[in-house]
Every structure is written in C-alpha cells, then in structure tokens.
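Here the structure is laid out as structure tokens; the discussion comes afterwards.
Just so it is clear, the model here is predicted, and its values are computed rather than measured. The analysis underlying the following values was restricted to heavy atoms, covering all of them including side chains, and did not include hydrogens, waters or symmetry mates. Counting convention: from 1, in listed order, for ligands and their atoms alike.
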Amino acid sequence: MDDLIKKAAADLAQANMAAALTGAGASIESGIPPFRGKGGLWEKMDPMEVAHIDAFMQDPAKVWKLLVKGMKDVVDQAQPNDCHKGLARLEALGKLQTVITQNIDGLHQMAGNTDVIEFHGTFAWQRCMDCNTHIETRRVNVSEIPPRCHCGGILRPNAVFFGELIPHEALWRSRQVATDCDIMLVIGTSAMVHPAAMIPVLAKETGANVIEINPESTPLTGEISDYIIKGPAGDTMNCIVAELEKMI
Ligand code: NAD
Ligand code: ZN
C-alpha cells in the first residue's frame, strides 16, 4: 500500500489536470452514514421506499420522517474530515482542479475546494414544491413534518431523488471534466449509482489514469481503475498529500 501511495503522489505531481469523484465513503469519517455497505442506511430500509421521487410524491411526510429529518440532523452538524481537507490541500498546491461529488452534504466547499460539481444537487437547501422558494436546510423548522413554506407548499431537499434527472449543468460539466482530466481520483464510491458511475469510465476511455481509494473493491476495480488504494479516505489522503509535498 505504501508503494501505491507513493505512486499516486507521483502521478498527481506529473498531472496537468486532476479531478476527483467522491461518494458517500468520503463523508463517513464525518459521521454521515453511506447508503450501501456496513452500517449503511439500506441495511435498515428499502431505498425505493424512501429515496425515490415516487415515494416522496406519494407520501412526503413518510420520507421526511424516515430519511430527510435524520439526514438533516446529521448534515447540520457535520464537519469536513481529512479526506475533504486533503482534497482542498491538493487544490491549494495546484494539483487538483475540480471535485465532482455525489454527496449532498456541502463538505468539500466547507473544506475549501472552490470548483465542486454537485452531481446530485445539495442538501444545504430545501425548495418549496409550490412556489420554488429556497430555504437553507439548517433554518428549516422540523417541528411540523413535512415542513412547509410560508405559502403552505411542502419543502423538499434541493437534491436528486432516485428516479429524477441529474441537473443538466452538473452532468454537462462532469462529462467535460472527465474528458479533459489526465488523472481522476475516485474516492469512497461503490460505483453502483448511475449515471455517476459512468464518469470514471469516460475518464478512462479518454486517456486518464483512474485511481480508486476505497477499503472495498468496486465494479471499477480491475476493469476501469488503474489501481486501488485499499484504505479509509482520510488516512489515505493524508499520506498522499504528505508524499506529494515532499516531491514538489
Ligand atoms: P455508497 O453508499 O453506495 O458507497 C459507499 C462506498 O464507500 C462503498 O464503496 C464503501 O466501500 C466505501 N467506504 C466505506 N468506508 C470508507 C472510508 N472510510 N473511506 C472511503 N470509502 C469508504 O455511496 P455512493 O456510491 O456515493 O452512492 C450512494 C448515493 O447516495 C450517492 O450518490 C449520494 O448521492 C448519496 N449519499 C450521499 C451522502 C452524503 O452526502 N454524505 C450520504 C449517503 C448517500
Ligand atoms: Zn412556497
């Protein structure tokens, strides 16, 4: 693993344009549970029952109770971990241009990355389903479920539910970044959610070196990624940044 960390640092040092794609695994060390895998939310509930747009439209109160309220409690308190801070440090060193994230927790921006593509939207804001007013999630009063806008409309996260389209701008820019980058770090994603899982595939097809950081193998491992560093995101990023700082 030490050799792979040195290799990743050397690859980053040489890259002209580096990008990262992050998933729920990047935020686990900030206390936000992932969907899949050990301790994941899907062990406790059926995704289609709670995170599909049809479920929300059918019974917004149920989805607020089972998923959104708990997520708000966790995300309101969450702070960036060493993975987020490491990616911000890479940007400060001029060694990372863009973060594409599937996460909706806003932690990359909080850590200091300035070009963050929120592929699945953001949980930082709720929007009214009737008048489209946007309200910061941490200001939403959850004493009434589902919470409502001043107009009486129901609030929903400004994030993408399963069954909804990816915001056009995010999709378009992500494709561009995947095509243009010569190295892509793929951190903490199970690569099971589409179309996000296609981003590293596009990067590979257009000539990028694809490096995974994940304690577990994924469908990309051995197929798309050049190598995988099997470790937790925070420690691994700390080690890569420390190696890189010795090289530049
Ligand atoms: P996922 O839940 O499907 O997979 C999480 C991945 O993280 C797994 O591959 C797992 O092996 C890996 N992992 C576990 N511990 C890790 C660690 N310490 N360091 C690095 N990796 C670790 O996540 P996903 O692929 O992102 O897909 C689920 C979708 O649900 C996402 O697209 C996202 O939109 C949403 N989601 C977001 C958040 C958030 O905003 N923080 C949290 C849960 C789910
Ligand atoms: Zn309204």
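- Atom CE of Met247 sits in a crowded spot, with more than 12 heavy atoms from other residues, nucleotides or ligands closer than 6.0 Å.
- Of the N or O atoms in Ala24, one or more lie within a sub-3.5 Å distance of an N or O in ligand 1.
- For the pair Ala196 and ligand 1, no heavy-atom separation below 4.0 Å is found.
- Taking a cut-off of under 4.0 Å to the non-hydrogen atoms of Thr189, the atoms of ligand 1 that pass are 9 (O), 24 (P), 25 (O).
- Under a 4.0 Å criterion applied to the non-hydrogen atoms of Ile28, ligand 1 contributes the atoms 13 (N), 14 (C), 15 (N), 16 (C).
- In terms of polar-atom proximity, Pro34 is not counted as a contact of ligand 1, lacking any N or O under 3.5 Å from an N or O of the ligand.
- Residue Ile104 places at least one N or O, backbone or side chain, under 3.5 Å from an N or O of ligand 1.
- Considering backbone and side-chain atoms together, Glu216 places no N or O closer than 3.5 Å to any N or O of ligand 1.
- Remark: at the Zn ion (ligand 2), atom SG from Cys151 and atom SG from Cys128 enclose 100°, rounded to the nearest 10 degrees.
- With hydrogens and angles ignored, the 3.5 Å screen pairs no side-chain donor or acceptor of Gln102 with any backbone N or O of Ala24.
- Taking every non-hydrogen atom of Ala233 and a distance limit under 4.0 Å, the qualifying atoms of ligand 1 come out as 17 (C), 18 (N), 19 (N), 20 (C).
- Residue contacts with ligand 1, taken as heavy atom pairs separated by less than 4.0 Å, do not involve Ala159 at all.
- With the Zn ion (ligand 2) as vertex, Cys131 SG and Cys149 SG subtend 110°, rounded to 10°.
- Distances between N or O atoms of Gly23 and those of ligand 1 include no value under 3.5 Å.
- Within 6.0 Å of the NZ atom in Lys204, the count of heavy atoms belonging to other residues, nucleotides or ligands exceeds 12.
- Residue contacts with ligand 1, taken as heavy atom pairs separated by less than 4.0 Å, involve His120 solely via side-chain atoms from C-beta onward.
- Residue Glu29 has at least one nitrogen or oxygen atom sitting less than 3.5 Å from a nitrogen or oxygen atom of ligand 1, judged on distance alone.
- For the 3.5 Å distance criterion, the side chains of Glu212 and Thr221 qualify, holding a donor opposite an acceptor.
- Of all non-hydrogen atoms in Pro215 and Lys230, the two that sit nearest each other are O-CD, 3.8 Å.
- Using a 30° and 60° split on the angle between ring planes, Phe35 and Phe162 fall in the tilted class, from 30° to 60°.
- The closest heavy-atom contact to atom 42 (C) of ligand 1, among the options Cys83, Pro33, Ser27, Gly106, comes from Pro33.
- At a cut-off of 2.8 Å, His150 is not counted among the residues with an N, O or S atom near the Zn ion (ligand 2).
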